[in-house]
Enquirer: 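To start, I am sharing the structure in question, which I have written as structure tokens.
Below, all heavy atoms of this structure are taken into account, side chains as well, without hydrogens, waters or symmetry copies. Sequence lines set the chain letters: A, B, ... in the order given, protein chains first and strands last, and positions in each chain run from 1.
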There are 2 protein chains.
Amino acid sequence: MAAEKPDKRSDKGEVWTPPPPGRHVYDYPRPSVTVDCVVLGLDADDVKVLLIQRGVDPFKHAWALPGGFVRDHEELDAAARRELREETNIEDVYLEQLYTFGTPDRDPRGRVITVAYYALAKLSDYRVKAATDAENVGWYPLDRLPALAFDHAEIINRAIERLRGKVRYAPIGFELLPPRFSLTQLQRLYEIVLERALDKRNFRKKILSLGLVIETDELETGVRHRAARLYRFDKKKYERLLKQGFEFAI
Amino acid sequence: MAAEKPDKRSDKGEVWTPPPPGRHVYDYPRPSVTVDCVVLGLDADDVKVLLIQRGVDPFKHAWALPGGFVRDHEELDAAARRELREETNIEDVYLEQLYTFGTPDRDPRGRVITVAYYALAKLSDYRVKAATDAENVGWYPLDRLPALAFDHAEIINRAIERLRGKVRYAPIGFELLPPRFSLTQLQRLYEIVLERALDKRNFRKKILSLGLVIETDELETGVRHRAARLYRFDKKKYERLLKQGFEFAI
DNA sequence: GCCATATGGTGTACCTTGTACACGAAGCAG
DNA sequence: CTGCTTCGTGTACAAGGTACACCATATGGC
């Protein structure tokens, strides 16, 4: 039978939660339930994922997704956001439930079912320490992931699949870019995520024909060549069109 | 605090599982975890969902999705299939994880997190008792659902959304039809699920151009007009094409 | 100031795909 | 034999996707 105490909460930095005075007794065994977050960000040439280095066993020193136990009266989404905030200081990101992983032995401590989420972050907003130093949180490019704890590699794969499948039919790519972006940046995003080259003129024609990105009067700065015009995504308009049955597609 | 024993297993027809000799004691409260299945079937003019009538509190006599508690060493998918088999005699259907619902008070017995699945069944294979009589399992058309237990109405809505979103980009519609079907049946399927009329000639042109439905030498029987030719879905070919990057789309 | 370098920004011709639309053929029932 | 019902088929036009090249504009070095 599985261990009865898989959830040493100190594992997850919840030292401020005092252990309850009473124990919790049930007629049948119950799993622990956790949330894990795949935070994806976009670099110049890569999709990157945010990982934290575990400080405790199991998988001490291994890299893992930010996540932790769902509290007794907490919504699952809220638990995911809380863990993100506590472990990585990330807030206000696009967050969506991904899949629930419950293979009985996925956690050596016992039965732990995890509800995985994925988040899309503007990488520039979260310049956590570079992954190459001794810091315990970092962005890793997908093709150079370190050894990962639990089944987290599988969870990341599923997040990427979801991103790839969804980016063409929902305007979620904008969540990976700063509020003002150039069309070239946007095109790079699609090229990186979809892993294929796109034609510049056709891409611009298509994007502009949707009428959802608005030209601003700002220009790119800090480049040593002609500066690109910046655009913004018109979320309000998108939501209006959505209600009328509009379908986003790239 | 929530009730400590939400999972009276007798609720779910597991009387054959003897209560364990020992109690289960944990340092922190744990939720119960269940699976629920939205089984969708296709009638002449409707999508229907399979419901069971609850025999015990809470929501005694109310209609609900088939489902129940995940066992200690059981995969989530396996739990969903087991519950389907136990409660509705349905086996060998297309089954896919849908979403996990965990609002703290969604079950009056305490914290119960449910991993929802949706299944697509060939309605003709499962002529359970009609929903209008006193039987405790029945197919209900989506627009005439009875009052539902827990948050099961919300779960059903999400299943429909998923079906609608997916049917155009994955060949899952075939799971709702018998192995041999007419193109008119297939068209009806899409019309019902997508809730819009399709042009017969254009639909046939499109479907046949995919090269995934194969003409058989069988004809429809039992109709009082010219019989339609029957086709079958070429799953093998689809899987081959998938690996080559083919994208199904209607 | 001028040149080299790098990216920004633009239009047209063709091809493929989607859409609108109507009628004779086949089979059964009476 | 007639009437009814569904089957099964093709064409013309519109829309959208694709392939493709060059001048403009900014910076930095000389």
Enquirer: Report the distance from atom NZ of A/K206 to atom P of D/dA15, rounded to the nearest whole Å.
Expert: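 Nearest whole value for this atom pair: 15 Å.
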Enquirer: Starting from the C-alpha separation in whole Å, work towards a yes-or-no answer on ring-ring contact (aromatic ring centres under 6.0 Å, His included) for B/Y99 and B/F101.
Expert: CA-CA 6 Å; B/Y99 197 80; B/F101 296 81; 5.2 Å; yes
Enquirer: With the sugar-phosphate defined as primed atoms, P, OP1 and OP2, and the base as all remaining atoms, what B/S/- string results for nucleotides 1-10 of chain D, 5' to 3', for protein heavy atoms under 4.0 Å?
Expert: ----BBBBBB
Enquirer: Measure from CG on A/L186 to C1' on C/dG9 and round the result to the nearest Å.
Expert: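 In whole Å, C/dG9 C1' and A/L186 CG are 15 Å from each other.
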Enquirer: Ring-plane angle category for B/F233 and B/Y238, please: parallel below 30°, perpendicular beyond 60°, tilted otherwise.
Expert: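 The arrangement is tilted - the two ring planes meet at 30° to 60°.
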Enquirer: Rounded to whole Å, how long is the line connecting atom CZ of A/F181 with atom C1' of C/dG8?
Expert: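 Distance check: A/F181 CZ to C/dG8 C1' gives 16 Å.
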Enquirer: Which atoms form the tightest heavy-atom contact between A/L95 and A/D77, and what is the distance?
Expert: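 Closest approach of A/L95 to A/D77, heavy atoms only: CD2-O, 4.1 Å.
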Enquirer: Figure out the CZ/P separation between A/F203 and C/dG11, and round it to whole Å.
Expert: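 Interatomic distance, CZ of A/F203 to P of C/dG11: 18 Å.
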Enquirer: Shortest non-hydrogen contact from A/S209 to A/K206?
Expert: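 Result for this residue pair: OG-O, 2.7 Å.
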Enquirer: Applying ring-ring contact (aromatic ring centres under 6.0 Å, His included) as the test, list every pair that has at least one member in residues 191-222 of chain A; sequence neighbours left out.
Expert: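 As it turns out, the ring-ring contact (aromatic ring centres under 6.0 Å, His included) pairs with a partner in residues 191-222 of chain A, which skip direct neighbours, are A/Y190-A/F203.
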Enquirer: Would you say CZ of B/R164 has more than 12 non-hydrogen atoms from neighbouring residues, nucleotides or ligands within 6.0 angstrom?
Expert: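 Above 12, so yes.
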